[in-house]
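First comes the structure, then the notes that go with it.
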Number of protein chains: 2
Amino acid sequence: MTTIEDVAREAGVSVASVSRVISGTRSVRPKTKNAVLEAAEKLGYQKNYFASALRRRSTNTVGMVVPHIANPFFIELVERIENVIQADGFDLFLCDSRNDPAVEVRRVRALIARQVDGIVLICADEMRSRESILAVENKIPIVTLDRSIKDIALDRIAVDNGLGIRMIVDHLASRGNRRMTFVGAEEGISTAQARLEAYQAAVAAIGGEGGGDIMLGSYSVDWGWEAGLNIADRPHLPDAVVCANDLIAVGVIRCLLSRGIRVPDDIAVTGFDDIALCRYVDPGITTVRQPIDLMAREAASILLSRIAGTHNAVVNLLVGPEIVIRQSSCNVTKVS
Amino acid sequence: MTTIEDVAREAGVSVASVSRVISGTRSVRPKTKNAVLEAAEKLGYQKNYFASALRRRSTNTVGMVVPHIANPFFIELVERIENVIQADGFDLFLCDSRNDPAVEVRRVRALIARQVDGIVLICADEMRSRESILAVENKIPIVTLDRSIKDIALDRIAVDNGLGIRMIVDHLASRGNRRMTFVGAEEGISTAQARLEAYQAAVAAIGGEGGGDIMLGSYSVDWGWEAGLNIADRPHLPDAVVCANDLIAVGVIRCLLSRGIRVPDDIAVTGFDDIALCRYVDPGITTVRQPIDLMAREAASILLSRIAGTHNAVVNLLVGPEIVIRQSSCNVTKVS
DNA sequence: CGTTCAATGGTAAACGTTTTCCATATGGTT
DNA sequence: AACCATATGGAAAACGTTTACCATTGAACG
């Protein structure tokens with residue numbers, strides 16, 4: 001391994017000069033600069049990341065913790081965020097918390113131990129993820145994305161879940177669907193909670209039925225399938241099933257179809273997130289599109305500005321969703 | 001930040017003893033050990049990762065580079081590998097090469113700079129990914145997974161792609177399909193190349209038509225759709241479309257359906273990998289299941305044993321695939 | 001010409017561990 | 001009791017950077 005000292009000897013300057021050229025912390029005369037660069041090139045010098053981090057106490061790295069790496073929605077956020085921060089010279093460490101606050105806090109600790117300069121957190125639980133925040137001990141900035149933590153003043157960027165669900169319910173109602181059912185996820189997840197409450201309020205607002213017809217599970221295809229079984233077994237089918245995300249909707253639809261129940265003819269089904277999968281299944285799924293690009297850019301730039309030390313007020317940004325109507329909700333119009 | 005020195009003072013011992021207790025590198029008397037542990041606990045001591053790594057030149061971390069983080073097949077491999085190595089006390093750094101050898105080599109360099117103890121590489125290109133291997137300079141062990149690099153003696157774990165495709169072609173032939181088409185990915189990808197060659201050989205072996213009817217693009221839904229357009233426009237449809245992976249198959253099927261061509265009734269379509277998506281689309285996709293769990297376990301354990309210094313001969317492990325028959329290939333039997 | 005100031009270069013002290021090398025204590029064997 | 005082997009503790013030297021501090025230079029200015 002060649003060190004700064006080897007380079008200094010080769011270039012005939014001091015280690016300080018080499019360091020200054022490599023890290024660009026202070027100006028050096030063009031002549032010495034060139035000598036250093038040539039020597040470094042010749043010796044194939046590579047800066048030792050750990051020595052540098054140890055001394056500087058900063059790593060040009062941000063960590064990101066997501067609940068489930070296999071969920072395409074999170075992956076899209078990760079990809080976009082990585083794009084933004086990479087342009088600023090930062091690297092990204094990605095961790096999966098398996099939707100478990102205990103794992104999450106371990107991951108956060110591991111990131112802190114590696115002295116990441118900041119963290120983007122999509123938290124596992126709106127109450128118990130508080131531990132993860134405490135683990136940070138205000139040592140570095142942290143922004144929450146998509147999901148939030150209760151009663152804690154933290155930057156947060158998320159879609160307006162309530163509005164999204166209202167748009168869905170209004171859309172279903174406008175096509176004559178009155179009797180609805182909601183298939184959601186655990187209440188511990190802030191987005192799940194928000195979508196649930198919005199569903200209840202929206203159904204009440206349109207004077208529909210089923211505001212209390214609710215099943216809660218997890219954000220997964222398997223749970224959707226399970227809930228589908230329950231629905232299929234009912235003597236009297238609802239007009240529409242509002243699902244808390246697209247994965248659930250896929251499970252519900254697959255299950256209903258397997259039982260000979262037609263979607264959308266017999267029941268309309270909707271999702272949330274607009275992952276690519278919505279376009280690949282048949283029928284295509286009506287859903288709420290999150291402005292992923294905008295969310296990722298905002299989250300990244302807030303984090304970066306906090307890392308840079310600028311920025312003060314806590315940001316709580318709710319971005320607007322967009323409804324995407326596909327076949328899964330286009331059943332016969334019962335009222336027009 | 002509390003250091004080893006603070007702990008030593010609190011416990012009334014030397015820093016050496018503290019270090020030995022924390023890192024467990026040498027035995028210490030139970031009495032001092034307890035004193036150290038108590039002091040560490042009391043002060044909330046956390047080992048400085050960088051100082052440790054700088055001194056030890058090892059990090060208990062392995063890096064993994066995959067071509068595309070949004071491809072569910074890779075994600076499954078990542079999840080399984082993380083499970084195995086975590087049980088051994090290793091952390092995983094995941095990177096996305098965007099299927100670009102230039103990005104890949106940057107990622108590998110970043111991993112080396114962070115002194116990962118080993119790398120799992122799913123390489124972008126069977127020729128140009130050679131650069132990535134050179135970047136490692138034999139400093140640390142590296143195993144390739146799924147895809148391979150030409151003419152280079154490196155551990156490799158992969159499915160028997162040729163056998164998988166033969167199983168598919170035989171299955172299609174057994175149901176009476178004679179005229180076939182292949183929709184593959186770039187030849188620079190070893191798996192794509194292997195599947196292509198196997199397709200040609202298998203079609204020849206069964207005396208079918210279409211051994212030369214080949215379209216090459218990328219492992220993506222979009223490419224599948226594009227290839228589907230070409231197929232749909234032909235005056236004379238083939239009996240079956242063999243796709244090089246499931247994403248392509250999804251694209252082909254969606255496209256054909258959108259043009260009023262029925263799958264499987266008019267054309268049978270098959271995939272490769274058996275990602276979850278195959279079960280969620282309609283018709284379900286006939287495909288080749290890779291033994292992901294076995295592959296991940298083997299790759300991880302080979303890497304870990306190389307890191308530990310045991311292990312010598314280069315491993316080139318080809319594991320057996322399994323055919324999963326679903327609706328997409330179950331068209332009318334033309335010969336029986 | 002003397003003074004001041006900015007620009008640049010070098011020396012050496014951090015950063016927080018791990019580990020080598022010694023010193024001492026302990027226990028077991030003749 | 002003498003000896004040896006082993007276990008344990010501590011001092012200090014690494015690991016490779018960055019940076020505080022000082023020294024030197026040369027230019028600008030009166």
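First the proteins, then the strands, lettered A, B, ... as listed; each starts at 1. Worth knowing before you read on, the calculation uses all heavy atoms, side chains too, and leaves out hydrogens, waters and symmetry mates.
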Query raised in the report: Do any side-chain nitrogens or oxygens of A:Thr25 fall under 4.0 Å of OP1 or OP2 in D:dT18?
Result: no
Query raised in the report: Shortest non-hydrogen contact from B:Ile85 to B:Asp91?
Result: CD1-O, 3.8 Å
**Report entry** Distance, rounded to the nearest Å, where B:Asn60 contributes CG and C:dT18 contributes C1'
**Finding:** 14 Å
Query raised in the report: What bend angle does the helix from C:dC1-D:dG30 to C:dT30-D:dA1 show across its length, from five-pair end axes and to the nearest 10 degrees?
Result: 40°
Query raised in the report: Can you name the side chain to side chain donor-acceptor pair (under 3.5 Å) partners of B:Arg306, sequence neighbours left out?
Result: B:Asp155
Query raised in the report: Regarding B:Ser129 and B:Arg147, is there a side-chain donor-to-acceptor distance under 3.5 Å anywhere?
Result: no
**Report entry** Spacing between A:Leu54 atom CG and C:dC15 atom P, to the nearest angstrom
**Finding:** 9 Å
Report summary line: In B/S/- notation (B base, S sugar-phosphate only, - none; protein heavy atoms under 4.0 Å), nucleotides 7-14 of chain C written 5' to 3' is -BBBB-BB
Query raised in the report: Have B:Tyr45 and B:Thr3 got a donor and an acceptor in their side chains that come within less than 3.5 Å?
Result: no
Query raised in the report: To the nearest angstrom, how far is B:Arg56 atom CZ from C:dT18 atom P?
Result: 7 Å
Query raised in the report: Taking CG from A:Asn48 and C1' from C:dT17, how many angstroms apart are they, rounded to a whole number?
Result: 13 Å
Requested in this report: State, without any angle test, whether B:Arg20 and B:Thr32 hold a side-chain donor-acceptor pair at a distance under 3.5 Å.
Outcome: no
Query raised in the report: Counting any heavy atom closer than 4.0 Å, what does A:Gln115 reach on the DNA or RNA strands: base, sugar-phosphate only, or nothing?
Result: nothing
Query raised in the report: Whole Å only: how far is the NZ atom of A:Lys47 from the C1' atom of D:dG16?
Result: 11 Å
Query raised in the report: Please give, in whole Å, the distance from C:dG16 C1' to B:Ile22 CD1?
Result: 13 Å
Query raised in the report: Atom CZ of B:Arg57 to atom C1' of C:dG16: distance rounded to whole Å?
Result: 16 Å
Requested in this report: State, with a plain yes or no, whether a side-chain heavy atom of A:Arg114 is found less than 4.5 Å away from one of A:Arg109.
Outcome: no
Query raised in the report: When you check the phosphate oxygens OP1 and OP2 of C:dT18, does a side-chain N or O of B:Ser19 lie under 4.0 Å from one of them?
Result: yes
Query raised in the report: Should the pair A:Phe93 and B:Phe93 be assigned to parallel (<30°), tilted (30 to 60°) or perpendicular (>60°) ring geometry?
Result: parallel
Requested in this report: Indicate whether any N or O donor in one side chain lies under 3.5 Å from an N or O acceptor in the other, for B:Glu104 and B:Ser132.
Outcome: yes
Query raised in the report: Under a 4.5 Å cut-off applied to non-hydrogen side-chain atoms, are B:Ile189 and B:Gln193 in contact?
Result: no
Requested in this report: Nearest whole angstrom, please: distance from the C1' of C:dG16 to the CD of B:Glu5.
Outcome: 9 Å
Query raised in the report: Would you say a side-chain N or O of B:Tyr49 is under 4.0 Å from OP1 or OP2 of C:dC15?
Result: no
